[in-house]
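Working notes, structure below.
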Amino acid sequence: MNPPSRYLVTSALPYANGPLHIGHLAGAYLPADAFVRFLRLSGKDVVYIGGSDEHGAAIKIKALKEGVTPQEIVDKYHAMIKKAFEEIGISFDIYHRTTEKIHHETSQDFFRTLYKSGAFTELETEQYFDESAGQFLADRFIIGTCPRCQHPEAYGDQCENCGSTLSPTELISPKSTISGNTPVLRTTKHWYLPLEEHETWLRAYITHGMLDGKEHHYPEEWKKHVIGQCKSWLDAGLQPRAITRDLDWGVDVPPEIEGSEGKKLYVWMDAPIGYISATKEWAQQHKKDWELYWKDEETALVHFIGKDNIVFHCLIFPVILKSYGGFNLPVNVPANQFVNLEGQKVSTSKGWAVWIHEYLKSFPDKQDELRYYGFKIMPELKDSDFTWKGYQDAVNNELVNNLGNFIHRVLVLTNKYYNGVVPVIDESISINAPLELGLPTWHDSELLDLFDRLHDYRTYIKDFDFRSALKMLMEISTTGNQLLQNNEPWKQEKTDPDEVKVVMNLGLQYVTALSVAVRPFMPFTSDKIRELLALPPIKEKGEFVDLMDALSEGKHLIAAGHKIKKAQHLFTKITDEEIQLQMDALMNSKVEAAGAEEIQHLKSIATFDDFSKLDLRTGKITAAEKVEKADKLLKLTVDLGFEKRTVVSGIAGTYDPESIVGQDIVLVANLAPRKIKGVVSQGMVLLAEDKDGKLGFVSAPEGWAKGDVVR
RNA sequence: GGCGUGGUAGCUCAGCCGGUUAGAGCGCAGGAUUCAUAAUCCUGAGGUCGGGAGUUCAAGUCUCCCCCACGCUACCA
């Protein structure tokens, strides 16, 4: 495979219902940004696409809750997210949004084309319909009692309390969130993408990198967990996936299609198409041909995402693209894992996050510090942990003490000895090697050594190994510190000033090289170094290539006679107080979030008759064993005195079978029997559950007879 | 339960298709040094490579079983 002549790089579109946090940043934006900045520095033709994902039921719901329109919600968060990206230095060529007209047109074009080619199947299903509102209800618009955990406000697709995936028809006493009425089931038609029909080529594409009988990419270059996850889906058997919903916030199904009324594209269908519409918009603005970036064989498509998006980008979106025809498929999908915060999962609702916009307020002009730490803890292979202490250590030890200090030393000494002018040197003079004291070395051989390091640096970035690349930068800086230490200009200046000139000149070459090399990771610092060196700012137009060419030809990167500016500190230390402040803020927001946790609404009124239908009895567990092939289920034998029952209960997460034999319980004794995992369950054991999911048995006082009525 | 990914020094992690005394950064201990934001440089201590069995002349690296973490998935009447 030839190296691509141009790149189209995308970062997952953030969902516009909340601000941006560190997990987003380190997962899908920092790596993409470093990658595209490096490509630009390498003189490549690259377009970097981003934008807000603004459709879907979750946004509609949020709007209803806050009493505003969905448009107001997405306007607010789009602006907020866009600003955060700009300020933290994510260099999108365009940051678009899926509510734009061009996106609606593009998505509809996709739908239309796929529809005409017969890529969809139609299916009639029963869906809840709100008669007073006159519309079908998307999963998210139905709330009811969770059949698993009894949480009274579970959504139709998911219970946020216990995390179970649900379907609306499973909910107990469902209610429309629009009218509050009980919805009725009606048949409705939807379009489905029959993923299972694409399994063969998808498998070849994922596991062998083969597409249409040709080699498309090297699967070895993909992350293992990405391929593993895809294989897992393929092996489990792909299912048809609904691509439309009954909803009023989203992209319309093209009106000329029969039955399209009231139907919108499912968000996950229109979101990735957003990459394409954004590219079109960018192309219009810049008088370019968007198709070159999506359809030309020599363009490489790369999607940066978090692990939650693997299936969409590796299986579903490729199916859409290929069904349309003529589009490139991704040559790599470098998905990252998740970033935890101080050992716990990042959670917006629990107030456990580091928000980018708040960080920027607390630490103005410290964008690169956060970027640096973000790269350092990038969850490339497994989940990682953001800690404020780790952030402080990284900034203070590595940026201030190592990199910043090295550059500062060079600048201070150059100003002190040469009045800020890069000294002319005699290249034949040897100096002490930075690596091992006592060995001699020369200016030109050290520049070649620098070339080698930068060459490795380039290889790391090409392999998406950003952390190794970052480490290489620090190594260069460390080498610079060693160079100074081993040659001690502050001593030698009195005895051997010509030798010192060589050392200082070399140091300045290092700093100049760093001003370029540091850029993909720390663009703000790059600008600052250029400023201090009185060199023109980096425009990201092939400067890294120029740098490497110069080094390989033995040319200097900064010329003798050039005058630099006075030294200034690039980074300042993060104090313990600042860290404590952040930790306190984090704890406070957690407490606030816990306090704001929704008041547990009671279920709707039940009449006495409703209650009397239940026959509750005291009983005792006389035997318990695990249900095979189930994590949470125990098969219990309950003695009611007058008979024994077999009951399956989902309590294995809290109780070991041995520990509950002899436990007094209350049983719903007249519940309709149900077969679970092959065992018929004849009743239900009552348990209290706290908000962390901990369970506790409900029982009559000790010594009560078995089989007594509870009411 | 099934599938996937990880489990290497106190902490964060490198260790490619198996091959000499298992590496780096931070932290820690000792020393050198003062140009620099007490920064820098050198040296050192510290690991039965999650546990067990096996293949092999040789295993952190391959195979099997088990344990733990994370994710997807099934089960919660």
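By convention in this document, chain letters (A, B, ...) are assigned in the order of the sequence lines, proteins followed by strands, and residues within each chain are numbered from 1. It should be emphasised that the depicted structure is a prediction, and the values quoted were computed from it without experimental measurement.
Among B:A39, B:U5, B:G25, the nucleotide with an atom closest to any side-chain atom of A:Glu398 is B:G25. Comparing B:C70, B:C42, B:C75 by their closest approach to the side chain of A:Gln482 singles out B:C42. When the nucleotides B:C72, B:A39, B:G27 are ranked by their closest atom to the side chain of A:Gln229, B:C72 comes out on top. Side-chain atoms of A:Arg467 lie closest to B:C13 of the nucleotides B:C13, B:C3, B:U33. Checking B:U40, B:C75, B:A36 against the side-chain heavy atoms of A:Leu633 singles out B:C75 as nearest. Across B:C3, B:U5, B:A24, the shortest atom-to-atom separation from the side chain of A:Lys471 is found for B:A24. With B:A36, B:C41, B:C70 as the candidates, the nucleotide lying closest to the side chain of A:His408 is B:A36. Considering only side-chain atoms of A:Asn397, the nucleotide from B:G27, B:C72, B:A39 that sits closest is B:G27. Between B:A39, B:G6, B:C41, one nucleotide has an atom nearer to the side chain of A:Asn401 than all others, and that is B:A39.
Both A:Ile227 and A:Val412 lie near RNA chain B, and the one whose nearest nucleotide falls closer to the 5' end is A:Ile227. Mapping A:Trp233 and A:Ser477 onto RNA chain B by nearest heavy atom places A:Ser477 closer to the 5' end of the strand.
The aromatic ring centres of A:Tyr372 and A:Phe571 sit 6.0 Å or more apart.
Put simply, A:Lys307 has no side-chain N or O that comes within less than 4.0 Å of OP1 or OP2 on B:C72. Close to B:G25, at under 4.0 Å from its OP1 or OP2, lies no side-chain N or O of A:Lys376. Contact annotation: A:Gln392 does not reach the phosphate of B:C26 (side-chain N/O to OP1 or OP2, under 4.0 Å).
Heavy-atom distances under 4.0 Å link RNA chain B to A:Trp490, A:Lys491 of residues 490-502 of chain A, given in residue order.
Nucleotides B:G50 and B:G10 place their P atoms 13 Å apart, quoted to the nearest Å.
Side-chain atoms of A:Lys223 and A:Asn336 include a donor-acceptor pair closer than 3.5 Å.
Put simply, the residue from A:Phe375, A:Phe304, A:Trp222 that forms a ring pair (Phe, Tyr, Trp, His ring centres under 6.0 Å) with A:Phe464 is A:Phe304.
Applying the side-chain contact (heavy atoms from CB on, under 4.5 Å) test to A:Ser681 and every residue at least two apart in sequence or in another chain returns A:Val647, A:Val648, A:Ile676.
For RNA chain B, each stem of at least three Watson-Crick or G-U pairs (distances under 3.5 Å) is given as range with range: B:1-7 with B:67-73, B:10-13 with B:23-26, B:28-32 with B:40-44, B:50-54 with B:62-66.
The distance from atom CG of A:Asn432 to atom P of B:C42 is 13 Å, rounded to the nearest whole Å. Atom CD1 in A:Ile310 sits about 13 Å away from atom C1' in B:C3, given to the nearest Å.
Contacts of A:Ile676 with the nucleic acid, taken as non-hydrogen atoms under 4.0 Å apart, involve only primed sugar atoms and P, OP1 or OP2. Nucleic acid contact class of A:Ser649 (heavy atoms, under 4.0 Å, all strands): sugar-phosphate only.
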